[in-house]
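The structure appears below as structure tokens.
Naming convention: chains lettered A, B, ... in sequence-line order (proteins, then strands); numbering from 1 in each chain.
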There are 2 protein chains.
Amino acid sequence: MSRCAMIQNTRRTQRGEPALSRERIISAAIDLLDTSGESGLTFRALAAQLATGAGAIYFHISDKGDLLGAACDSIVVQALATADTHAAPQERLRAIGLALFDAIDAHPWVGAALSDAPGTMPTVRILESVGQQVQALGVPDDALWAATSALLSYILGVAGQNAANARLGQARNIVREDFLHQLANQWGQLDAAAFPFTRAVAAQLPLHDDRADFLAGIDLILVGITARRSG
Amino acid sequence: MSRCAMIQNTRRTQRGEPALSRERIISAAIDLLDTSGESGLTFRALAAQLATGAGAIYFHISDKGDLLGAACDSIVVQALATADTHAAPQERLRAIGLALFDAIDAHPWVGAALSDAPGTMPTVRILESVGQQVQALGVPDDALWAATSALLSYILGVAGQNAANARLGQARNIVREDFLHQLANQWGQLDAAAFPFTRAVAAQLPLHDDRADFLAGIDLILVGITARRSG
DNA sequence: ACCTGAACACCGTTCAAGT
DNA sequence: ACCTGAACACCGTTCAAGT
């Protein structure tokens, strides 16, 4: 460490004012996203919370996409660490799915962020975790990609829907249950001839446990994967 | 028709200038979205294309969400009409999936729009089409929702990823193949100990046929659904 | 090297004023 | 009834000027 940096560091520590850093910015961004939603993350609001100027942030972050990606990655890393058990592949895949489901439930903006930057770290981490377990399941090499990408697409699909639901609920400032009741009402008023299935399913809609539904979908795909293996 | 409206209508027809209408606005919005992407849809650009003022649009459309939803619905209706064959349920479900895949490939913004407003018409139409065929497949009532929502989530998940890929490619102004090669390169440079699966799959990435992968995922879920049924 | 904050080039949306 | 277009309250990003 250079003498200059030491002095500056000491001075800042004495004053109790740590220097602006990438980590501090990302952490403040997560706070802002959790409390005010995606639309609450603004360079001006972020600067205010960090007691600095809006332009200062650009010294540590390249742009808003970078910021959102880093915030998302931070949550995904935490979630996947939770699922890092020593269970069998099937159980492990369920744990990965649930860990991500719960993380997105707690931080809805993560669901949208995952779809925003395909192929970047957060998605790659999920791909890796899922792929390793699918491989451990004994799926042959030529079916590995189809099985893994199906699971990944399903997980990201549920993530996106959950995020949208949460965003809508937040925008209208209503709780999940009220939102589902409103939706059930709308669906119930659709044309009976054109939408029989939707109407039939509308009544049960508010009673569904999204988490259980999500797990049922994972299980369905796993049945498909293992049925193929032994077929 | 009132005398006033008749006169106005006649005058406009004679001048070859049809009045601004919801349909004309939505059609212009689709053009704009197809040619300039999601960021190209602006009330100012839309007004310019329609040779009117920005505020005039609000007389026929409530806000940007309404506009995007209506544009999305228009494409989904067309796509689902294509898949309305007389084939068996399994084949019909594949046709629905492929019709949506192709529509989103042609109009990438539809993928994002589908995730934006959960429970609204475009998604409900897909839910209905899929649900009817799952029912026709002979799935028992208590498994109907799990099977249908799994298929729906998977379809929406792939839609979102495809949309993001297209958006990224458009932003960087590169073709799909170049994008996948860049991604394969990045993935190949990941840490070998932490990302063995991703590294192994990176090389094959640019060779994959997304459309075939999508269909393989549908088949996997269908295997899971029918295995359950007879289990 | 790092930070400040005014300025720039945009947005969606509103609304008095027109026809 | 329908349209106009300036105005309002925002954005992300840049950049001269400071320390």
Side-chain angles (χ1 to χ4, degrees), chain A residues 1-13 15 17-26 28-29 32-33 36-71 109 113 116-117 167 171, chain B residues 1-13 15 17-26 28-29 32-33 36-71 109 113 116-117 167 171:
Chain A
M1 192 190 281
S2 76
R3 197 172 154 265
C4 242
M6 266 192 68
I7 290 172
Q8 200 175 44
N9 205 21
T10 306
R11 207 189 292 140
R12 282 205 166 102
T13 306
R15 282 196 289 161
E17 286 179 332
L20 202 57
S21 70
R22 188 174 165 87
E23 287 71 35
R24 250 185 27 107
I25 294 171
I26 291 165
L32 221 43
L33 286 161
S36 335
E38 292 167 66
S39 67
L41 180 61
T42 283
F43 277 81
R44 284 168 180 81
L46 196 55
Q49 191 159 100
L50 291 164
T52 182
I57 295 163
Y58 284 88
F59 214 86
H60 301 92
I61 253 91
S62 60
D63 58 13
K64 194 168 183 180
D66 180 27
L67 180 58
L68 211 60
W109 51 272
D116 268 351
R167 193 169 50 229
Chain B
M1 192 189 283
S2 76
R3 198 171 155 269
C4 243
M6 264 192 71
I7 289 171
Q8 200 175 43
N9 204 22
T10 306
R11 207 190 289 139
R12 282 205 167 101
T13 307
R15 281 195 290 162
E17 285 178 333
L20 203 56
S21 70
R22 190 174 163 87
E23 288 69 35
R24 243 176 45 96
I25 293 171
I26 292 165
L32 221 42
L33 285 162
S36 336
E38 292 167 66
S39 68
L41 180 61
T42 283
F43 277 81
R44 284 168 179 80
L46 195 55
Q49 191 159 102
L50 291 165
T52 182
I57 295 163
Y58 283 89
F59 215 86
H60 300 92
I61 251 94
S62 59
D63 59 13
K64 194 170 182 178
D66 179 27
L67 180 58
L68 211 59
W109 51 272
D116 268 351
R167 194 169 49 230

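- Residues satisfying the side-chain contact (heavy atoms from CB on, under 4.5 Å) test with Ala48(A), not counting sequence neighbours, are none.
- Residue Phe59(A) has its side chain nearest to dA1(C) when only dA1(C), dT14(D), dG12(C) are considered.
- Between the CG atom of Leu68(A) and the P atom of dT13(D) there is a distance of 11 Å, given to the nearest Å.
- For Tyr58(B), the side-chain atoms get nearest to dG12(C) when compared with the rest of dG12(D), dG12(C), dC3(D).
- Tested against Leu68(A), the residues Leu33(A), Ile61(A), Asp63(A) include a single side chain to side chain contact (heavy atoms under 4.5 Å, CB included) partner, Leu33(A).
- Every residue two or more places apart in sequence or in another chain that forms a side-chain contact (heavy atoms from CB on, under 4.5 Å) with Ala54(B) is listed here: Ala47(B).
- For the pair His60(A) (side chain) and Leu20(A) (backbone), a donor-acceptor distance under 3.5 Å is present.
- Regarding contacts with the backbone of dC2(C), every side-chain N or O of His60(A) stays at 4.0 angstrom or more from both OP1 and OP2.
- Nearest-nucleotide positions on DNA chain D for Ala56(A) and Gly53(B) put Gly53(B) closer to the 5' end.
- Here the P atom of nucleotide dC10(C) and the NZ atom of Lys64(A) are 18 Å apart, to the nearest Å.
- Using a 4.0 Å cut-off on heavy atoms, the residues of residues 36-45 of chain A that approach DNA chain D are Leu41(A), Thr42(A), Phe43(A), Arg44(A), listed by number.
- A salt bridge (charged side-chain N to carboxylate O under 4.0 Å, His left out) check over residues 41-62 of chain A, counting only residues at least two apart or in different chains, returns nothing.
- Scored by the salt bridge (Lys or Arg N to Asp or Glu O under 4.0 Å) test, Asp66(B) finds Arg22(B) as partners (sequence neighbours excluded).
- The distance between atom CG of Leu20(A) and atom P of dT19(D), rounded to the nearest whole Å, is 19 Å.
- Mapping Ala51(B) and Asp63(A) onto DNA chain D by nearest heavy atom places Ala51(B) closer to the 5' end of the strand.
- Applying the salt bridge (Lys or Arg N to Asp or Glu O under 4.0 Å) criterion to Glu23(B), with sequence neighbours excluded, gives no partner residue.
- A search for side-chain contact (heavy atoms from CB on, under 4.5 Å) contacts involving Ala117(B) returns Thr120(B), not counting sequence neighbours.
- Rounded to whole angstrom, the span from the CG atom of Leu46(A) across to the P atom of dC3(C) amounts to 13 Å.
- Look at CD1 on Ile57(A): it is 16 Å from P on dC2(C), rounded to the nearest Å.
- Contacts of Phe59(B) classified as ring-ring contact (aromatic ring centres under 6.0 Å, His included), with partners at least two apart in sequence or in another chain: none.
- We find that CD1 of Ile61(B) is positioned 14 Å from P of dG12(C), with the value rounded to whole Å.
- With a 3.5 Å limit on both pairing distances and Watson-Crick or G-U wobble geometry required, the stems of 3 or more pairs in DNA chain D span C:4-8 with D:12-16, C:12-16 with D:4-8.
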